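Structure first, then comments.
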Amino acid sequence: MDIFKKIVTGSIIGKYITGNETPGENARLKEWLEEDPQNKSLFEGLQDDKNIAAAINEFDSYDKDHEWKRHVERLKILLLQKTLTRWKVAAVVFIIAGIAGVIPYLNVEQDVSPVFHDELYTTVSTTRGQQSKIILPDSSVVWLNSETTISYNSNFMVGNRDIKLRGQAYFEITPNAEIPLFVECGEIMVKVLGTSFDVSAYPEDQSSEVALKSGSVELLHEVDGSVSYVLNPGEKAKFDARNREILISNVDINKHTAWKDGMLVFDDAPMCEVLEKLERWYNIEIEVKDTAIYSLVLNATFIKEDVADLCELLEYTCSVGYKINPSKDPGVPVKVILAN
Amino acid sequence: MIGRVKNTEIKFKDGTKVGLKDFFHDHYPAFAAFAGKFVSGQSVCEDIVQDVFISFWEKRGHFHNLIAAKAFFYTSIKNACLDNLKHQQVKQKFYELKKTDPVLAGSYLDEIIKIEAHSLVYQEINKLPEMERKVMLLALSEKTNEEIANTLNIAINTVRTHKARAYRVLREKLGELALFFVFFKNYHS
């Protein structure tokens, strides 16, 4: 194996240059130097100060810390994709078993035990422009952002702690190892033992997001409950419903959950996202006359200003003009028109 | 679990093991530089080595030892580089040349010796404090003490101290190397 020999020879020379070779390696090096006169000139070239400096400067030109982070991200995505593929297989088996169960004499017994049964539900909703805070029967606290619905069944705390969520909510969950809490939001499910985290899952949005403040939560697949990812504090998982990808990124969790304290914080946020959130937050309709506005990004914190203050702030930070009109939609009283 | 990717250990069949993060930090720059012997453009090299690290991860249970893992890297990087050249169609010339020219065909093996040797020196130099490392690199580039002092904005005496400390990483050239060659000649005759 030629290549093995080259690797060993190279590392022995490296050890020799740094004075770390063993007597055995020293002997092997001498043998190698004898083999071929070319080896000697190669060996001398490698010891040359300028060549060493040039090689190390070349190595240094690569940002290994940055590349390591990139590699870790790629590995995480790779692992998630593998998990998703396994789920697809599981889903197929599930459907076939379901059909088989219809034929009585096959007597296929199903023990599917879905997490959500048809029982009495308690439902709490907020409308646009409204935020609310509720306390669950297990004394966990949930902050609801605008246009959010949360429901839990009558057995909450008896046999389960299952919650359904549409919209955005921030949870501070009372620890209970015996009855883990599940939040079901569209295609992903979050399993919690006791922790603080934020879930954003509006049905009209293309993606759902889960951001973790402290403790740990597991993201599960909705079909079979298999674990896909264990979220670390400060991480945000974004699940894209269209291509079924989960992206993990680091976020400033205090900014991300500032809405529960009555603040809207935008950090280099694209304008289309900003306007969507402002519409929900203020219960207004925003019409954009100049599409150039969409190419802006915004850094701002809004602390429950009224609509006029909001518009002035937008005018100042993004240099856009505005007009406030009454809206035709009775549910949304104000319409803001933005133009450059 | 998946969330623990960063702390993964690679276990070799001979019972030894290495942390993925340490392995990456020790070898990534050398592998990228190796790719640079075949293709040009830093980002091209980075992407090639990243891809090989991914396939290394997928095959991580199959390597007998560290040397086998490195052999996998060098071979895969070389192949990926040749593929890349093929796509750029520069390859035609290079590849025909390579096939007919046994020296060029084998030359990548000598590159492995060079990269391996300097990679080891690199890992030793990385153990130095930052300023000593800087002084040493400039000294190795044959800069005078005055030039180093000016470049790094430190006193000449400080340069001398750092240099004296840093050079302990390398074999003392005049002493031992001379002895080595004397010994080598005697051994020969």
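Every value quoted in this text rests on a predicted model; they were computed, and no experiment measured them. To find a chain, count down the sequence lines: A is the first, B the second, and so on, and within it residues start at 1.
Both the backbone and the side chain of A:Asp65 come within contact range of chain B, with heavy atoms under 4.5 Å apart. The contact between B:Phe53 and chain A is made by backbone and side chain atoms together, counting heavy-atom distances below 4.5 Å. For B:Phe24, the part lying under 4.5 angstrom from a heavy atom of chain A is the side chain only. Contact annotation for B:Ile125: only side-chain heavy atoms (C-beta onward) come within less than 4.5 Å of a heavy atom of chain A. Heavy atoms of B:Asp47 lying under 4.5 Å from chain A belong to its backbone as well as its side chain. Within the 4.5 angstrom heavy-atom criterion, only side-chain atoms of B:Glu124, from C-beta onward, approach chain A. Both the backbone and the side chain of A:Leu46 come within less than 4.5 Å of a heavy atom in chain B.
Using a 4.0 Å cut-off between a side-chain N of Lys or Arg and a carboxylate O of Asp or Glu, B:Asp26 and A:Lys64 do not qualify as a salt bridge. Between A:Glu58 and B:Lys114 no salt bridge is recorded (no basic side-chain N to carboxylate O distance below 4.0 Å). Ionic pairing of A:Glu67 and A:Arg70 is present here: one or more N-O contacts between side-chain nitrogen and carboxylate oxygen are shorter than 4.0 angstrom. Classification of A:Arg28 and A:Glu25 as a salt-bridged pair fails, no side-chain N sitting under 4.0 Å from a carboxylate O. We find that A:Lys40 and A:Glu44 are joined by a salt bridge, their nearest charged nitrogen and carboxylate oxygen being less than 4.0 Å apart.
Between chain B and the residues A:Ser61, A:Ala53, A:Gly14, A:Gly10, the most heavy-atom pairs under 4.5 angstrom are made by A:Gly10. For chain A, the option among B:Leu120, B:Thr75, B:Val49 with the highest count of heavy-atom pairs below 4.5 Å is B:Leu120. When the candidates B:Ala68, B:Cys45, B:Ala117 are compared by the number of heavy-atom contacts under 4.5 Å with chain A, B:Ala117 comes out ahead. Interface check for chain B: of the options A:Ala55, A:Gly45, A:Ala54, A:Ser11, the most heavy-atom pairs under 4.5 Å are formed by A:Ser11. When the candidates B:Gln123, B:Glu46, B:Lys70, B:Glu142 are compared by the number of heavy-atom contacts under 4.5 Å with chain A, B:Glu46 comes out ahead. Interface check for chain A: of the options B:Gln42, B:Met136, B:Gln50, the most heavy-atom pairs under 4.5 Å are formed by B:Gln50. If you tally non-hydrogen atom pairs under 4.5 Å between each of A:Asn57, A:Asp60, A:Asp63 and chain B, the highest count goes to A:Asp60.
Residue A:Ile248 holds its CD1 atom at 9.0 Å from CG of A:Asn232, rounded to the nearest 0.5 Å. The CG atom of B:Asn84 sits 13.0 Å away from the CD1 atom of B:Ile77 when rounded to the nearest 0.5 Å.
The aromatic rings of B:Phe31 and B:Tyr74 sit perpendicular to each other, their planes meeting at more than 60°, with 30° as the lower class boundary.
Considering B:Phe12, B:Phe23, B:Phe72 in turn, B:Phe72 is the only one that fulfils the ring pair (Phe, Tyr, Trp, His ring centres under 6.0 Å) rule with B:Phe63.
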